[in-house]
Novice: 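Sharing a structure below in structure tokens format, with a few things to ask.
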Amino acid sequence: MTHALTSIRQAAVALLQARFQRVYAHRTAIVKAQQMPCVFVYVNGRRSSKIGLSPPMYQHTVNLAVVLCVQDNENAEYLINQMLGEVETLFAQSSDLAIPNLVQSLEPTALSIEQDDTGEINTLYYQQNFNVVYFSGD
């Protein structure tokens, strides 16, 4: 049986692959110009709390990170805004990540932006985090 965190990441990747050519199910890495734009999806942590005693129930809040990677040029802002909009639309349309018996909610949280000019090309990384809530029994 697949762990819930793996199922959540795989479902997010499958949704994004319907729209983007290059979607990777791991943390970011230095990519070459011909590999951009691309999307990285990974679980960046989980908080759990006990909400029921008999039977024991837990509420888990997963931090799902979606990192959009584009070449930093004159079209970067337009491209990244378009990509962000598509990610948010895909996730809003599938607020349970197509895992109806597991995911209870999916909400966007923090957005962070980083630039990397140490590699072959200048790269922009836009990381949009999502809180994914699911429940489990003991």
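Note: hydrogens, waters and symmetry copies are ignored here, and every other heavy atom, side chains too, is used.
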Novice: Run the numbers on Met57 and Ser136 for side-chain contact (heavy atoms from CB on, under 4.5 Å), then give the verdict.
Specialist: CA-CA 6 Å; Met57 288 293 297; Ser136 68; over 6 Å; no

Novice: Quick one: CG on Leu68 to CE on Met83, what's the gap to the nearest 0.5 Å?
Specialist: 4.5 Å

Novice: So does Ser105 get a backbone contact from the side chain of Ser95, meaning a donor-acceptor N/O pair under 3.5 Å?
Specialist: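 No; zero donor-acceptor contacts below 3.5 Å.
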
Novice: Do the side chains of Phe20 and Tyr125 join up, straight or via other hydrophobic residues, at under 4.5 Å, putting them in one cluster?
Specialist: no

Novice: Is it the case that the side chain of Arg46 and the backbone of Asn63 share a donor-acceptor pair, with hydrogens and angles ignored and the cut-off at 3.5 Å?
Specialist: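 No, because the side chain of Arg46 does not come within donor-acceptor range (under 3.5 Å) of the backbone of Asn63.
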
Novice: Would Asn122 and Asp116 count as a side-chain contact (heavy atoms from CB on, under 4.5 Å) here? Give the steps.
Specialist: CA-CA 6 Å; Asn122 288 347; Asp116 180 9; over 6 Å; no

Novice: Would you indicate whether the side-chain heavy atoms of Thr89 and Glu86 approach each other to under 4.5 Å?
Specialist: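 Side chain of Glu86 against side chain of Thr89, heavy atoms only: no contact under 4.5 Å found.
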
Novice: Step by step, work out the side-chain contact (heavy atoms from CB on, under 4.5 Å) result for Cys38 and Val23.
Specialist: CA-CA 6 Å; Cys38 60; Val23 180; over 6 Å; no

Novice: With rounding to the nearest 0.5 Å, note down the distance linking CZ in Arg19 to CD in Gln17.
Specialist: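 Nearest 0.5 Å value for the CZ-CD distance: 13.5 Å.
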
Novice: Donor-acceptor pair, Gln128 side chain versus Thr109 backbone, under 3.5 Å?
Specialist: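 Answer holds: yes.
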
Novice: Under 4.5 Å between any side-chain heavy atoms of Pro108 and Asn129, yes or no?
Specialist: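 SC-SC contact between Pro108 and Asn129 ruled out.
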
Novice: Shortest non-hydrogen contact from Ile99 to Ser7?
Specialist: CD1-O, 3.5 Å

Novice: Are Tyr42 and His26 near enough that their ring centres are under 6.0 Å apart?
Specialist: no

Novice: Pairing donors with acceptors under 3.5 angstrom, does anything connect the side chains of Gln115 and Asp117?
Specialist: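 Side-chain D/A pair, Gln115 to Asp117: absent.
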
Novice: Under 4.5 Å between side-chain heavy atoms, counting indirect links through other Ile/Leu/Val/Met/Phe/Trp/Tyr residues: same cluster for Val66 and Phe40 or not?
Specialist: no

Novice: Any side-chain heavy atom of Val41 within less than 4.5 Å of one from Leu16?
Specialist: yes

Novice: Is it true that atom CD of Glu88 has more than 12 heavy atoms of other residues, nucleotides or ligands lying nearer than 6.0 Å?
Specialist: yes

Novice: Between Val62 and Val13, is there shared hydrophobic-cluster membership here, with clusters defined by ILVMFWY side-chain heavy atoms closer than 4.5 Å?
Specialist: yes

Novice: Compare every heavy atom of Leu106 with every heavy atom of Ser94, then report the nearest pair and how far apart it is.
Specialist: O-CD2, 4.0 Å

Novice: Leu15 and Val87: side-chain contact (heavy atoms from CB on, under 4.5 Å), yes or no, with the steps?
Specialist: CA-CA 9 Å; Leu15 277 175; Val87 168; over 6 Å; no

Novice: Let me confirm one number: the CD-CE distance from Gln21 to Met36, rounded to the nearest 0.5 Å.
Specialist: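 Going from CD on Gln21 over to CE on Met36, the span is 14.5 Å.
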
Novice: Could you state whether Phe135 and Val43 fall into the same hydrophobic cluster, counting links through intermediate Ile, Leu, Val, Met, Phe, Trp or Tyr residues with side-chain heavy atoms under 4.5 angstrom apart?
Specialist: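 Result: no, two separate clusters.
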
Novice: Roughly how far, to the nearest 0.5 Å, is the CD atom of Gln127 from the CZ atom of Arg27?
Specialist: 8.5 Å

Novice: Should Tyr24 and Ile80 be counted in the same cluster of Ile, Leu, Val, Met, Phe, Trp and Tyr side chains packed under 4.5 Å apart?
Specialist: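 Cluster IDs for Tyr24 and Ile80 differ.
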
Novice: How close do Tyr134 and Val103 get, heavy atom to heavy atom, and via which atoms?
Specialist: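 For Tyr134 versus Val103, the nearest heavy atoms are CB-CA, 4.3 Å.
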
Novice: Nearest 0.5 Å, what's the CD1-CG distance between Ile113 and Leu124?
Specialist: 8.0 Å

Novice: Which value, rounded to the nearest 0.5 Å, describes the distance between Asn73 atom CG and Ile121 atom CD1?
Specialist: 8.5 Å

Novice: Would the Phe91 and Phe130 ring centres measure less than 6.0 Å apart?
Specialist: yes

Novice: Keeping Gln93 on the side-chain end and Leu90 on the backbone end, is there a donor-acceptor pair under 3.5 Å?
Specialist: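 A pair under 3.5 Å: no.
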
